[in-house]
Amino acid sequence: INQCMSLAATLTCHASVSRALSYMGAQICCNVVLVLLLQALVPGASPELGCHAPAGGASLGQAFAWEFLMTLLLILTVYAVAIGEPSFGNVGPFAIGLSVVAGAITAGQFGGGAMNPARILGPAIVSGGCGSWAVAFTYVAAQMLAGAVAALLSAPLYGTGLELGSWADAA
């Protein structure tokens with residue numbers, strides 16, 4: 001689960017606030033460690049190894065749109081095969097994996113197709129902003145907005161997980 005999925009699941013009450021915040025923190029910390037490990041293992045690695053930025057002539061606005069759409073696709077797929085209808089068995093993870101591959105192939109050429117804020121924040125934290133904190137935060141904003149929109153679209157289709165408690169459970 002990435003931070004966008006954690007946000008979406010929290011908004012639809014399928015995850016508690018405390019659990020989502022714990023996952024989000026752990027995911028970012030682990031990605032920082034993985035970026036440091038990658039830099040240690042790749043000879044002559046750039047300090048900006050793993051950073052994302054618009055590519056292929058795309059503007060920052062176009063990269064925002066691609067990240068939003070691909071992250072939305074990923075989260076809606078998770079809702080369809082894992083949260084809304086968890087009886088898909090082995091096909092559920094396969095469908096989620098295919099949505100990641102489709103997003104990376106489609107959006108990768110224009111801005112990376114990260115679809116995960118930790119994937120953006122890990123390299124940005126290690127490199128001191130990947131050249132521009134504004135670019136990193138634009139990617140994260142697109143992805144988190146996709147999480148919120150996916151929650152709004154999914155709640156009427158797949159319901160809410162009210163059995164997990166209220167919004168104030170973290171307090």
Side-chain angles (χ1 to χ4, degrees), residues 1-31 34 52 54-56 58-124 135-171:
I1 297 179
N2 72 32
Q3 295 84 2
C4 306
M5 190 64 238
S6 295
L7 173 66
T10 301
L11 291 175
T12 59
C13 297
H14 286 99
S16 68
V17 174
S18 57
R19 179 173 287 181
L21 291 175
S22 298
Y23 285 166
M24 290 176 180
Q27 292 157 356
I28 292 169
C29 289
C30 288
N31 203 281
L34 291 174
H52 284 270
S59 69
L60 187 56
Q62 290 169 322
F64 178 95
W66 279 109
E67 282 299 317
F68 173 83
L69 291 172
M70 296 302 102
T71 305
L72 184 67
L73 169 71
L74 169 61
I75 296 171
L76 290 175
T77 303
V78 172
Y79 267 102
V81 301
I83 293 176
E85 182 55 52
S87 64
F88 277 94
N90 293 336
V91 176
F94 183 70
I96 294 167
L98 281 179
S99 72
V100 171
V101 169
I105 289 172
T106 305
Q109 60 189 324
F110 303 113
M115 299 171 282
N116 186 336
R119 182 63 189 84
I120 299 297
L121 291 174
V135 170
F137 286 129
T138 299
Y139 275 76
V140 172
Q143 297 159 353
M144 296 304 274
L145 179 62
V149 170
L152 290 173
L153 294 173
S154 297
L157 296 171
Y158 307 116
T160 58
L162 297 177
E163 71 278 357
L164 292 176
S166 69
W167 281 82
D169 65 346

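What's counted below: heavy atoms across the whole structure, side chains too, no hydrogens, waters or symmetry copies. One-based numbering along the sequence shown.
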Please tell me if the side chains of [X] and [Y] come closer than 4.5 Å, counting only heavy atoms from C-beta onward.
{"X": "P54", "Y": "Q62", "result": "no"}
{"X": "L145", "Y": "F64", "result": "yes"}
{"X": "C4", "Y": "N116", "result": "no"}
{"X": "R119", "Y": "H52", "result": "yes"}

Could you tell me which non-hydrogen atom of [X] sits nearest to which non-hydrogen atom of [Y], and how far apart they are?
{"X": "M24", "Y": "S6", "answer": "CE-CB, 3.8 Å"}
{"X": "V81", "Y": "A95", "answer": "CG1-CB, 4.1 Å"}
{"X": "G103", "Y": "M70", "answer": "CA-SD, 3.3 Å"}
{"X": "A114", "Y": "E67", "answer": "N-OE2, 3.0 Å"}
{"X": "S99", "Y": "L73", "answer": "O-CD2, 4.1 Å"}
{"X": "G111", "Y": "Y139", "answer": "O-OH, 2.8 Å"}

Practice item. Given side chain to side chain contact (heavy atoms under 4.5 Å, CB included), test T106 with L69 step by step and report yes or no. Key: CA-CA 10 Å; T106 305; L69 291 172; over 6 Å; no

Rounded to the nearest 0.5 Å, how far does [atom2] of [Y] lie from [atom1] of [X]?
{"X": "I75", "Y": "I96", "atom1": "CD1", "atom2": "CD1", "value": "11.0 Å"}
{"X": "M5", "Y": "H14", "atom1": "CE", "atom2": "NE2", "value": "8.5 Å"}
{"X": "L98", "Y": "L74", "atom1": "CG", "atom2": "CG", "value": "11.5 Å"}
{"X": "T77", "Y": "I83", "atom1": "OG1", "atom2": "CD1", "value": "11.5 Å"}
{"X": "I120", "Y": "N2", "atom1": "CD1", "atom2": "CG", "value": "11.0 Å"}

Return yes if some donor-acceptor pair links the side-chain N/O of [X] with the main-chain N/O of [Y] below 3.5 Å, else return no.
{"X": "Q143", "Y": "F68", "answer": "no"}
{"X": "N31", "Y": "L121", "answer": "no"}
{"X": "Q3", "Y": "M144", "answer": "no"}

Point to revise | side chain to side chain contact (heavy atoms under 4.5 Å, CB included) partners for A151, two or more places apart | key: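 By the side chain to side chain contact (heavy atoms under 4.5 Å, CB included) rule, A151 matches A8, L11, T12, Y79.
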
